[in-house]
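Note that the numbering runs from 1 along the sequence shown for the chain.
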Amino acid sequence: MEFIANVQGLTAIAIGIIIGLGALGACLGIAIMGSKFLESAARQPELVPMLQGRMFLLAGLIDAAFIIGLAVALFFAFTNPLIEAVKLAGAAG
């Protein structure tokens with residue numbers, strides 16, 4: 001039973017790292033993209049509508065990567081396959 005508790009604890013740490021680094025990366029990516037958008041809009045104001053559409057598309061893709069990581073983290077939080085594997089290995093051995 002102690003081994004299962006260790007697996008649960010390490011899984012909780014991994015979930016925190018997945019969500020934390022994913023959020024940090026998404027925030028930095030959107031911040032850099034937004035600053036480059038403002039730079040390009042200041043240089044060529046006539047291209048703002050085209051650039052704005054591309055910026056929102058890229059913002060969605062950046063957030064999609066974070067949301068996929070969040071879904072993986074929630075999968076491990078609620079239905080942890082590692083614990084089931086430990087239980088099956090303990091029953092077999």
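Across all their heavy atoms, G69 and I18 have their closest contact at O-CG2, 3.4 Å.
Annotation: the span from L28 atom CG to L21 atom CG amounts to 10.5 Å, rounded to 0.5 Å. Rounding to the nearest 0.5 Å places CE of M50 at 8.5 Å from CD of Q44. Distance check, rounded to the nearest 0.5 Å: CD1 of I62 to CG of L57 gives 10.0 Å. In this structure, R43 CZ and L38 CG are separated by 12.5 Å, a value rounded to the nearest 0.5 Å. To the nearest 0.5 Å, the span separating CG on L51 from NZ on K36 amounts to 13.5 Å. Taking CG of L70 as the reference point, atom CZ of F75 lies at 14.0 Å (rounded to 0.5 Å).
The side-chain hydrogen bond (donor to acceptor under 3.5 Å, both in side chains) contacts involving residues 9-34 comprise T11-N80, where partners must be two or more places apart or lie in separate chains.
The hydrophobic clustering, which links ILVMFWY residues whose side-chain heavy atoms are closer than 4.5 Å, places F76 and I13 apart. Linking ILVMFWY residues whenever their side-chain heavy atoms come closer than 4.5 Å, directly or via other members, places F78 and I19 in the same cluster. The same ILVMFWY cluster, assembled from side-chain heavy atoms under 4.5 Å apart, contains both F3 and I83. Under the 4.5 Å side-chain contact rule for hydrophobic residues, I32 and F66 do not share a cluster. Residue F56 is grouped with residue F37 when hydrophobic side chains (ILVMFWY) are merged at heavy-atom distances under 4.5 angstrom, including chains of intermediate members.
L58 is not listed as a side-chain neighbour of I30, based on a closest heavy-atom distance of 4.5 Å or more.
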